[in-house]
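On a predicted model such as this, the values are computed, not experimentally measured, just so you know.
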Amino acid sequence: MRFYKRLMPVKVISFDLDDTLYDNVPVITAAEAWLLQALKNHRPESTLLDANNLAEIKRQILAAEPELSHDVSALRLRVLTQGLRQQGVDQAAAATMAAEFYQGFLTERGKIEVPAISHQVLTELGQRYQLAVITNGNLPIENTALAPYFKTVLRAGIDGRMKPAADMFNLLAAQTGVQVSEILHIGDHINTDVLGAVHAGCQTIWLNDQGRSANDLQCLPHVELERLEQMLELL
């Protein structure tokens with residue numbers, strides 16, 4: 001545990017999700033693999049709907065509509081729809097099929113394994129603080145074991161621009177009736193979480209459980225932790 005700035009009174013604790021409360025790598029890898037296999041099963045004669053092709057479609061869409069970068073769900077739906085259109089599927093059918101594929105992807109996306117320590121931290125902190133989620137991702141948290149801990153879940157796209165933009169931090173303050181300085185945000189990412197929260201005026205914990213150098217930071221958090229459970233020592 002390393003202190004960079006003095007912590008002030010906290011009323012709301014906001015959590016990043018991916019790689020903060022659980023390991024996101026295996027679940028997103030499996031979900032991506034499921035999606036590619038589902039597309040292959042639908043068009044077994046085609047080799048166009050592969051990872052490289054979908055990545056190129058994504059680049060083209062973002063070049064034309066950069067604002068979609070703030071909504072991973074809308075972007076993925078557009079990519080899938082466009083990919084199916086390239087296979088000769090008409091627009092209406094492509095949109096319907098893309099939505100079905102995306103729901104399947106979300107089902108796989110929601111198969112996270114929440115470590116026991118995350119449950120312990122959220123249980124204990126939830127007895128003393130309002131807990132919230134601020135995420136750039138598309139985890140269907142309502143279908144996971146994390147759902148009972150959070151009354152407020154803010155997602156990029158529907159709730160504002162992605163972190164590090166201040167939109168969701170400001171919205172959380174408005175929805176919970178606190179000042180942004182009374183929000184303590186914890187996350188693993190030095191840009192989206194640390195930089196975003198600091199610039200929004202929140203207090204910030206950097207979860208550095210991967211042993212990164214503090215020299216990588218673009219601005220200082222209030223506290224750096226090596227393990228999530230250190231929050232129980234801190235607060």
Side-chain angles (χ1 to χ4, degrees), residues 1-24 69-70 72 114-115 117-139 141 146 149-157 159-235:
M1 186 182 304
R2 180 180 298 179
F3 292 85
Y4 296 101
K5 306 174 188 176
R6 183 175 183 178
L7 282 175
M8 302 301 288
V10 172
K11 293 184 178 179
V12 176
I13 302 176
S14 62
F15 288 82
D16 172 53
L17 290 177
D18 295 346
D19 299 318
T20 295
L21 291 175
Y22 54 86
D23 184 1
N24 187 55
S69 65
H70 290 286
V72 293
V114 181
I117 195 62
S118 293
H119 285 292
Q120 180 184 349
V121 169
L122 293 170
T123 297
E124 294 192 27
L125 292 180
Q127 295 171 2
R128 293 179 283 128
Y129 301 96
Q130 296 184 67
L131 304 185
V133 165
I134 296 181
T135 179
N136 286 348
N138 54 4
L139 177 77
I141 189 174
L146 292 173
Y149 298 110
F150 302 104
K151 292 183 178 179
T152 304
V153 177
L154 301 181
R155 297 181 173 91
D159 294 311
R161 293 172 297 166
M162 278 189 171
K163 300 173 290 182
D167 301 23
M168 291 188 286
F169 298 107
N170 291 333
L171 180 58
L172 178 59
Q175 290 190 355
T176 56
V178 303
Q179 301 297 315
V180 288
S181 60
E182 295 173 315
I183 296 172
L184 177 62
H185 181 72
I186 177 168
D188 66 293
H189 201 283
I190 63 173
N191 182 37
T192 58
D193 292 308
V194 177
L195 180 66
V198 168
H199 282 187
C202 301
Q203 300 181 72
T204 315
I205 293 176
W206 177 30
L207 180 60
N208 183 21
D209 56 357
Q210 299 301 310
R212 294 190 64 173
S213 169
N215 293 331
D216 295 333
L217 291 167
Q218 300 180 55
C219 63
L220 292 179
H222 286 70
V223 183
E224 174 187 342
L225 301 181
E226 294 80 38
R227 301 183 312 279
L228 184 67
E229 58 265 35
Q230 289 178 311
M231 289 189 73
L232 301 179
E233 305 171 30
L234 179 68
L235 300 170

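- Taking CG of Asp16 as the reference point, atom CG of Asp193 lies at 4.0 Å (rounded to 0.5 Å).
- Partner of Asp188 under the side-chain hydrogen bond (donor to acceptor under 3.5 Å, both in side chains) criterion, out of Asn208, Thr20, Asn24: Thr20 alone.
- A donor-acceptor pair is defined here as one N or O able to donate and one able to accept, closer than 3.5 Å; no such pair exists between the side chain of Asn136 and the backbone of Ala156.
- Going from atom CG of Leu234 over to atom CE of Met231 covers 7.0 Å, rounded to the nearest 0.5 Å.
- Separation of atoms CZ (Phe150) and CG (Leu17) is listed at 6.5 Å; rounding is to 0.5 Å.
- Proximity of Thr192 to Met162: side-chain heavy atoms (C-beta onward) are nowhere separated by under 4.5 Å.
- Within the 4.5 Å cutoff, side-chain heavy atoms of Leu125 are placed close to those of Phe15.
- When side chains are defined from C-beta on, Leu235 counts as touching Ile13, because their heavy atoms get closer than 4.5 Å.
- In this structure, the side chain of Gln203 engages the main chain of Ser181 through a donor-acceptor pair within 3.5 Å.
- The shortest distance between side-chain heavy atoms of Asp167 and His70 does not fall below 4.5 Å.
- To the nearest 0.5 angstrom, Ile190 atom CD1 is 13.0 Å from Thr204 atom OG1.
- Within the 4.5 Å cutoff, the side chain of Met168 has heavy atoms near those of the Lys163 side chain.
- Not a single donor-acceptor pair under 3.5 Å links the side chain of Thr152 to the backbone N or O of Ala132.
- The side-chain heavy atoms of Arg227 and Glu233, taken from C-beta on, include a pair separated by under 4.5 Å.
- Counting heavy atoms from C-beta outward, Leu146 and Leu122 have side chains that approach closer than 4.5 Å.
- In this structure Lys5 satisfies the side chain to side chain contact (heavy atoms under 4.5 Å, CB included) test together with Val198, Leu220, His222, sequence neighbours excluded.
- Note that the CG atom of Leu217 and the CZ atom of Arg212 stand 8.0 Å from one another [nearest 0.5 Å].
- Here the CG atom belonging to Leu184 is positioned 4.0 Å from the CD1 atom belonging to Ile205, to the nearest 0.5 angstrom.
- Heavy-atom contacts from other residues, nucleotides or ligands closer than 6.0 Å to CZ of Arg128 number more than 12.
- Relative orientation of the Phe169 and His185 rings is perpendicular, given thresholds of 30° and 60° on the angle between their planes.
- Looking only at distances, a side-chain donor or acceptor of Glu226 sits under 3.5 Å from a matching main-chain atom of Met1.
- Among residues two or more places apart in sequence or in another chain, the side-chain hydrogen bond (donor to acceptor under 3.5 Å, both in side chains) test is passed with Glu124 by Gln120.
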